[in-house]
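For clarity, every value in this text was computed on a predicted model and none was experimentally measured. Naming: A, B, ... by sequence-line order, numbering from 1 per chain.
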Number of protein chains: 2
Amino acid sequence: MIPIYLEIRSYMIKQIEKGRLVPGDKIPSERELVDLFKVSRMTVRHAIDQLVNDGILVRMVGKGTYVSSERLSTALNVLNSFSEDIIASGHSPSAKLISVEKTQTGNTISSLLRIDKSREVIKVERLRLVDGLEMAITTSFFPVSRALPLDELDFTATSIYRQIESLGLRIEKASETVTAEAADKRSAGFLRVKENSPLLKIIRLTFISNNVPIEYMEGLFRPDRYVISQELYRQGVR
Amino acid sequence: MIPIYLEIRSYMIKQIEKGRLVPGDKIPSERELVDLFKVSRMTVRHAIDQLVNDGILVRMVGKGTYVSSERLSTALNVLNSFSEDIIASGHSPSAKLISVEKTQTGNTISSLLRIDKSREVIKVERLRLVDGLEMAITTSFFPVSRALPLDELDFTATSIYRQIESLGLRIEKASETVTAEAADKRSAGFLRVKENSPLLKIIRLTFISNNVPIEYMEGLFRPDRYVISQELYRQGVR
DNA sequence: GAATTCAGGTGGTATAGACATATAGATATC
DNA sequence: GATATCTATATGTCTATACCACCTGAATTC
């Protein structure tokens with residue numbers, strides 16, 4: 001069951017995505033939205049609070065609430081799903097589901113996800129391909145909770161991020177750690193490389209609004225088919 | 001007249017600043033704060049909402065609200081030399097010069113450095129250590145005579161960046177590619193790892209003003225002693 | 001015509017209560 | 001002793017209402 005305020009939030013985002021609201025437009029007043037959704041004003045405000053916090057809307061006392069015109073942050077470190085990355089580079093991503101299970105997890109992952117370790121998580125293991133060639137194995141852990149109706153997610157589809165976002169949750173940021181690891185027998189089999197060959201290991205913790213973690217992921221990538229690129233800028237003079 | 005929720009917010013911040021609440025501590029429950037300030041619970045939540053949004057507090061359903069342990073970094077994509085990175089993380093970097101030679105280079109590197117491949121470059125190979133332990137081998141290529149008096153540089157010193165900057169050149173940015181590679185016999189020997197063990201490979205092209213390339217570097221890092229961390233942010237709506 | 005007043009709409013703050021869901025520990029059951 | 005259930009407490013969602021400060025434009029006054 002998705003909370004009403006997230007429904008309203010989704011609705012607003014869709015209006016903007018579809019172009020029915022463009023930057024600078026005034027959105028319906030809080031009291032109009034109350035009538036539209038048949039909810040209390042506090043609930044409407046809760047939804048708008050989040051969108052304002054995300055910089056999507058701007059409130060003006062006595063005037064109204066408007067779609068933000070400025071897209072703040074020149075977006076250097078852009079968080080994309082792997083599918084989105086692949087598409088952006090002109091290739092075709094796909095995924096094969098290896099396993100899905102509802103399970104518990106150890107101290108490290110549960111504390112990173114900020115859940116009790118007795119809580120269940122959905123563990124999704126997928127083989128990621130680019131242009132039909134094996135690229136990576138990713139193992140994701142999603143905390144089971146009301147806000148995220150995991151049953152409705154299609155893990156064989158490519159972009160889980162997009163699916164989560166279309167549910168009204170806003171993915172905000174991720175922190176990533178990159179290292180190297182030797183392929184064990186199982187990974188080597190899936191990725192069609194020799195055992196012990198070097199793989200790029202990416203560990204990513206993804207957050208929605210309010211710094212709430214929503215996914216812990218470990219990925220093992222074939223270095224010949226996926227590399228990480230980033231631009232670094234020297235900090236001020238001195 | 002200051003709103004109550006801002007008073008509560010200030011109160012919490014002061015508690016943290018004075019050290020009466022330290023990261024990891026549980027703050028009073030919402031109902032306790034209601035009693036303490038004699039206000040409604042929604043008002044208390046309003047105050048806490050803001051602090052959670054700022055990343056100062058973390059809410060956990062059924063457990064309580066806690067002072068956030070992670071001080072999210074303000075420095076995003078900061079270009080540091082490896083020495084600077086190591087120092088920032090509280091360790092002690094050093095370097096051993098393996099070789100310096102004036103030579104020519106292949107098409108790839110010369111074109112990245114935007115020089116003719118007949119032009120000479122200085123190739124510097126160094127073993128990088130952290131707290132006296134082998135961490136990486138880096139191979140740098142500097143174009144000869146680009147307002148860069150290479151003779152004056154001390155390649156055994158840790159921070160080449162600092163030396164270059166003290167010559168009046170402003171290092172501006174770098175583009176980095178990260179991948180994984182198996183250790184060959186030579187690298188394995190220097191880094192004291194087994195041959196074919198996985199290493200993190202970082203290729204970095206560094207620029208001074210006007211996008212003039214000044215260094216091409218390839219580094220092979222022991223993944224147990226060096227990892228890359230980065231924060232990624234989701235791009236605006238759509 | 002220019003200044004003032006006023007009414008209606010907007011977001012801002014705050015209340016008091018209700019029910020839902022998550023956690024942890026005590027208690028009862030097997 | 002292990003398992004299940006209950007209970008108290010935590011945050012999460014939502015309602016219905018009230019009054020405030022602010023902005024705008026129309027009506028009123030000068």
[X] [atom1] to [N] [atom2], straight-line distance once rounded to whole Å:
| X | N | atom1 | atom2 | value |
| --- | --- | --- | --- | --- |
| A/M42 | C/dT13 | CE | C1' | 8 Å |
| A/L33 | D/dT15 | CG | P | 13 Å |
| A/E30 | D/dT15 | CD | P | 14 Å |
| B/L6 | C/dG12 | CG | P | 12 Å |
| A/H46 | C/dG11 | NE2 | P | 17 Å |
| A/I27 | C/dT10 | CD1 | C1' | 12 Å |
| B/E7 | C/dT13 | CD | C1' | 13 Å |
| B/I2 | C/dG12 | CD1 | C1' | 15 Å |

- Query: Going by distance alone, is a donor N or O of one side chain under 3.5 Å from an acceptor N or O of the other, for A/S99 and A/E125?
  - Reply: yes
- Check: A/D35 main-chain N/O paired with A/K38 side-chain donor or acceptor under 3.5 Å: yes
- From B/L133 atom CG to B/R225 atom CZ, the distance as rounded to the nearest 0.5 Å: 4.0 Å
- Message: So, taking the atom named OG in B/S10 and the one named OH in B/Y5, what distance separates them when rounded to the nearest 0.5 Å?
- Response: 10.5 Å
Quick one: is [N] close enough that its OP1 or OP2 comes under 4.0 Å of any side-chain N or O from [X]?
| X | N | value |
| --- | --- | --- |
| A/R45 | C/dG12 | yes |
| A/T43 | D/dT15 | yes |
| A/K63 | D/dT24 | yes |
| B/S40 | C/dA14 | no |

- Message: Closest-nucleotide mapping onto DNA chain C: is A/R59 or B/V44 further toward the 5' terminus? I mean the 5' end.
- Response: A/R59
- Task: Compute both the distance and the angle, then confirm whether B/K173 meets the cation-pi test with B/F207: under 6.0 Å from the six-membered ring centre, within 45 degrees of the axis.
- Result: yes
- Test for a donor-acceptor pair under 3.5 Å between the base of D/dG12 and the side chain of B/R41, counting only N and O atoms. yes
- Task: Indicate, with a heavy-atom threshold strictly under 4.0 Å, whether A/I4 touches base, sugar-phosphate, or nothing.
- Result: sugar-phosphate
